[in-house]
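Note that the structure is a prediction, hence the values are computed from the model and not measured.
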Amino acid sequence: MFSKEVLVEVNEKSWKKKPVPAWGVKAQPRQTIDIGQSLLLLGALTTPNGLSAGSPERYWACVRYFSACAATDDLRIALPFTTLDPHQRGILSDDFGVALSVNWLVDQLGGAKNIVDGRQFIVNMGVRKSKKKIPKVGPGKCPDFVIEDENGLMHVLECKGTQSGMAYLNRAMATGKEQKKGIRIEGGLRGETLVIGVLLSDERSRSPSRIVVVDPEPPALTVVNARNKDKAQEVMKRLSFAKAINLSGFSRLAFEVAWPDSQEMGDTEMKLLTPMERRSVMSDPDERWRAVQAELDLELDGLEQEDQGGFSVKTVRIEIPAIELDSGEIARRLTIRRGISAPAVREFSRAERDVRGVLQQVAPGEQAISIVTEGNHSRLEYGDLFFSEMIFD
């Protein structure tokens, strides 16, 4: 749809005595990555909680960076975007770091069932008990994502992005190695534990943009193995559905689905929460549930209903600066549609705070993420529960 070339460097030595995955050994030094697909995924993974269904911020991550890409075959940042103040440049770099790293890795893995926030995963799984001194607890010590692939293997990912050169990226990735220490996957569930950095070049740079991949060995706050495999899979599925609910405007319900009850969390897990999350978790559960019911009544009435699949859908159309797509067509408008299963959401409105029981009822089997691009259209689906798509015209 809207593709650019990047260099790819896989540091095979960082695996040390562990086997390097086949995709790492066979990685081509120059690869093409779909920027449109990457930004669609970015919008699904990084939209914050607490926004209404109609808030334009829900779609900002999907659309804000198309004009930041220079009109070159390889990925370069357009010169006007290099004059942003350092804070805005940092946000752009971080967002590209997440978008490209996750999309590239999911492609190497051959797809993914679930992609969830690393901090939420740790809180739900619980911090392991150990006589040894563990790393200082806090959000900065948690990896960005846990990814469950199509074979049930779990991969830990920390993403980094910069426009400030290779030396800066190396320092950022060294920090990422510490953040990746939050989770260790053992035994037959173990995938890769990666730090992926993205170095963005601009139109004047002699060197192209690149993706750098390393796999250092982490100590951990949370360990996943055969003994807690079922719990880990339940957490992955529940957090994925919470993200879908939040993207559709049901932020209060998403909070209830995503977090364990306060009685299930110890002091160490509580320290991983933000102050706002901590206040919400400790507040009266009945009051929270009444707020969920009010939100369901309000937001469901504001969404259009789509007969096929029973989705409640929100559609946004945005004028964008002209960009040339892979097909050679010039796109000047972008349509974004997001849909959530209306029957699934309505089941929660009839429940008495039995969030996990309802989730098992509305999504009893395995769900999986799929991203398909055809022509000027990309669509991300999470089973038959949620979709997000973008259409250029």
Side-chain angles (χ1 to χ4, degrees), residues 33-51 55 57-66 91-109 111-124 139 142-149 154-161 176 179-180 182-183 191 194-198 211 235-251 254-255 257-259 274 314 336-340 367-373 378-383 385-390:
I33 191 163
D34 192 324
I35 304 301
Q37 200 175 86
S38 299
L39 295 180
L40 179 64
L41 193 54
L42 175 72
L45 293 175
T46 62
T47 299
N49 291 327
L51 301 177
S55 174
E57 287 92 339
R58 288 191 172 277
Y59 309 93
W60 192 234
C62 292
V63 302
R64 66 187 300 192
Y65 296 125
F66 285 112
I91 293 173
L92 183 151
S93 300
D94 288 343
D95 282 347
F96 267 92
V98 170
L100 299 185
S101 297
V102 176
N103 193 30
W104 181 84
L105 179 58
V106 169
D107 189 52
Q108 305 311 304
L109 297 174
K113 291 182 182 178
N114 296 286
I115 306 172
V116 304
D117 178 84
R119 181 175 64 94
Q120 290 184 333
F121 185 83
I122 290 176
V123 171
N124 275 275
C142 299
D144 287 326
F145 302 106
V146 182
I147 301 174
E148 182 184 12
D149 69 20
M154 295 186 182
H155 309 266
V156 181
L157 175 62
E158 177 66 22
C159 309
K160 297 294 178 182
Q179 290 170 305
K180 194 172 62 65
I183 303 168
L194 303 172
V195 181
I196 300 182
V198 175
I211 294 173
V235 167
M236 295 287 286
K237 182 177 179 178
R238 180 158 47 82
L239 292 181
S240 290
F241 189 53
K243 178 62 70 176
I245 296 170
N246 179 59
L247 285 165
S248 302
F250 304 98
S251 58
F255 184 92
V257 173
W259 297 110
T274 65
K314 180 69 177 179
I336 302 175
R337 300 175 72 247
R338 285 177 178 163
I340 188 77
Q367 305 291 321
I369 294 169
S370 67
I371 309 177
V372 177
T373 298
S378 276
R379 183 177 172 106
L380 180 153
E381 295 180 346
Y382 182 61
L385 297 173
F386 172 80
F387 75 85
S388 178
E389 62 185 0
M390 58 169 58

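- With a 4.5 Å cut-off on side-chain heavy atoms, Val198 and Trp104 do not count as touching.
- Rounded to the nearest 0.5 Å, atoms CZ (Arg238) and CG (Asn124) are 4.5 Å apart.
- Separation of atoms CZ (Phe96) and CG (Leu39) is listed at 6.0 Å; rounding is to 0.5 Å.
- The two residues Met236 and Phe121 make their nearest non-hydrogen contact at SD-CE1, 3.6 Å.
- Remark: the backbone N or O of Ala44 is not paired with any side-chain donor or acceptor of Lys243 at under 3.5 angstrom.
- Minimum heavy-atom separation, Ser38 to Leu100: OG-CD2, 3.8 Å.
- Side chain of Asp144 to main chain of Cys159: a donor-acceptor pair is present (N/O by atom type, distance under 3.5 Å, no hydrogens or angles).
- Using a 4.5 Å heavy-atom threshold, the side chains of Met154 and Val116 count as separate.
- Considering Val106, Leu105, Leu157 in turn, Val106 is the only one that fulfils the side chain to side chain contact (heavy atoms under 4.5 Å, CB included) rule with Ile115.
- Contact record, Thr274 with Arg119: N-NH1, 3.9 Å, taken as the closest heavy-atom pair.
- Just one of Val146, Ile183, Asp117 meets the side chain to side chain contact (heavy atoms under 4.5 Å, CB included) condition when paired with Ile122; it is Ile183.
- In terms of heavy-atom proximity, Phe66 sits nearest to Gly36 at CE2-CA, 3.7 Å.
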